[in-house]
Amino acid sequence: MSVALLWVVSPCDVSNGTSFMESVREGNRFFDSSRHRNLVSNERINRGGGKQTNNGRKFSVRSAILATPSGERTMTSEQMVYDVVLRQAALVKRQLRSTNELEVKPDIPIPGNLGLLSEAYDRCGEVCAEYAKTFNLGTMLMTPERRRAIWAIYVWCRRTDELVDGPNASYITPAALDRWENRLEDVFNGRPFDMLDGALSDTVSNFPVDIQPFRDMIEGMRMDLRKSRYKNFDELYLYCYYVAGTVGLMSVPIMGIAPESKATTESVYNAALALGIANQLTNILRDVGEDARRGRVYLPQDELAQAGLSDEDIFAGRVTDKWRIFMKKQIHRARKFFDEAEKGVTELSSASRFPVWASLVLYRKILDEIEANDYNNFTKRAYVSKSKKLIALPIAYAKSLVPPTKTVSLQR
């Protein structure tokens, strides 16, 4: 299943990536396709002003604590994910407290040539321009440093997704993903394997991002290798976090929070997480038929049963009244996550808001298209037409001009 790559990818830009890795092999003489390991990205933002507190509020669909049949209390997936949010927010705040301390970092060596960083970033930009046109357009409003870092993260996310969704997916094993994760550790430690790794290592050295969201995305790829059903939304939520929510946590430190924002750091990260979850839920609802043909059902099994539906109904592609009622509830949930995401987009730095608003507005419209197709997501693929995108993008740009609220927001 394709992941929702970054906040800024247009819904029409995310393909199954059947030629991406081949393109990288042709364009990057340092990439060895026989070695599947990992790259990464780290981040530094300069957020002036805006008092920060520790009371960021995590959106929640239900209680974060569950009781097991034996009476033991355990955390839900949402609470587990929130712990990652707190860790990233703390890292950013430590960075903000030390902005007056200039740390001189050594140059990141790239295998084969020590002077290829600029070329490495250019290559990342070329990949973005080829495979994510709307995303690439949105980054043009960002500062050069942030734009290049976002390119590097995009390429890492796409390469990671390609491992289980690309042309060589049938050859990928858990051991290959383990090697990919080892490579991730190397990049965070300044030991890049190839040119694209070099761009990511440089990004890591300049922005305060935690490694955990990157590890978690790889865990999402592992889930795709071993799991094709999700018994409830708690399981599905964790999967959506792994493959898409992580992207928001990777991106916010680069995009930056507006100096005048009064929102807590944690709340902005929660909004980024919400957008990733919303985008991935939208992907799932759009791709029900496509996933079913691959033997996969990314829908909560308990909710299907409550609606009087089963996997057999999905594999048969029957659009019934039961299916329509079920889909209405799923779409409603996705929209609630989009609503949560909107609360945080305005708090981003002014140059970073447009690509995020574009992603939010365009992805949300996919849900409208599913409804317009009478909930037939078995044989009809919902997509946003060019004409509708041309209408929506100016709206997204106008939203991006709205400054952060002047009162403390997004708090408990």
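Heavy-atom basis, side chains included; hydrogens, waters and symmetry copies ignored.
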When you measure from the side chain of S261 to the backbone N and O of A258, does any donor-acceptor pair fall under 3.5 Å?
no

With rounding to the nearest 0.5 Å, note down the distance linking OG1 in T139 to CE in M255.
9.0 Å

Validation row: L200, F188 side chains within 4.5 angstrom (heavy atoms):
no

Taking the side chain from D210 and the backbone from P213, do they hold a donor-acceptor pair closer than 3.5 Å?
no

Does the side chain of F326 come within less than 4.5 Å of E303's, by heavy atoms?
yes

Kindly indicate whether the side chain of Y239, heavy atoms from C-beta on, has any atom under 4.5 Å from the side chain of D224.
yes

Carboxylate-amine/guanidinium contact E130 R158, below 4.0 Å:
no

Are N189 and E185 close enough that a side-chain donor and a side-chain acceptor fall under 3.5 Å?
no

Residue pair L275 / E342, side-chain heavy-atom distance below 4.5 Å:
no

Please tell me if the side chains of D287 and N377 come closer than 4.5 Å, counting only heavy atoms from C-beta onward.
no

Do D311 and Q301 meet the criterion of a side-chain donor-acceptor pair at a distance under 3.5 Å?
yes

Do Y375 and D321 meet the criterion of a side-chain donor-acceptor pair at a distance under 3.5 Å?
no

For the backbone of F214 and the side chain of T246, can you confirm whether one donor and one acceptor N or O come within less than 3.5 Å of each other?
no

Using a distance-only test with no angle check, is there a side-chain donor-acceptor pair under 3.5 angstrom linking N283 and R286?
yes

Please say which of D291, L309, L299 ends up in a side-chain contact (heavy atoms from CB on, under 4.5 Å) with I314.
L299

Rounded distance [0.5 Å steps], CD1 in I172 versus CZ in R179:
8.0 Å

Hey, mind stepping through E126 and R123 against salt bridge (Lys or Arg N to Asp or Glu O under 4.0 Å) and telling me if it holds?
CA-CA 5 Å; E126 290 169 4; R123 177 58 185 149; 3.3 Å; yes

Between Y121 and R148, is there a cation-pi geometry (under 6.0 Å to ring centre, at most 45° from the normal)?
yes

Keeping R296 on the side-chain end and K227 on the backbone end, is there a donor-acceptor pair under 3.5 Å?
yes

In this structure, is the centre-to-centre distance between the rings of W357 and F354 below 6.0 Å?
no

I'd like to know if the side chain of S201 and the backbone of V187 have a donor-acceptor N/O pair within less than 3.5 Å.
yes

Looking at side-chain heavy atoms only, is the closest gap between N270 and E340 below 4.5 Å?
no

Note, R324 side chain near M327 side chain (heavy atom, < 4.5 Å):
no

Begin from the C-alpha positions of D339 and R364 and carry the test salt bridge (Lys or Arg N to Asp or Glu O under 4.0 Å) through to its verdict.
CA-CA 10 Å; D339 291 343; R364 190 164 191 158; 2.8 Å; yes

For E369 and K380, what are the C-alpha separation, side-chain angles and deciding distance, and is it a salt bridge (Lys or Arg N to Asp or Glu O under 4.0 Å)?
CA-CA 10 Å; E369 297 302 321; K380 294 183 179 179; over 6 Å; no

Backbone N or O of L196 within a donor-acceptor pair of the D194 side chain at under 3.5 Å?
yes

Is the shortest heavy-atom distance from the side chain of D186 to the side chain of D197 under 4.5 Å?
no

Can any side-chain N or O of D313 pair as donor or acceptor with the backbone N or O of S310 at less than 3.5 Å?
yes

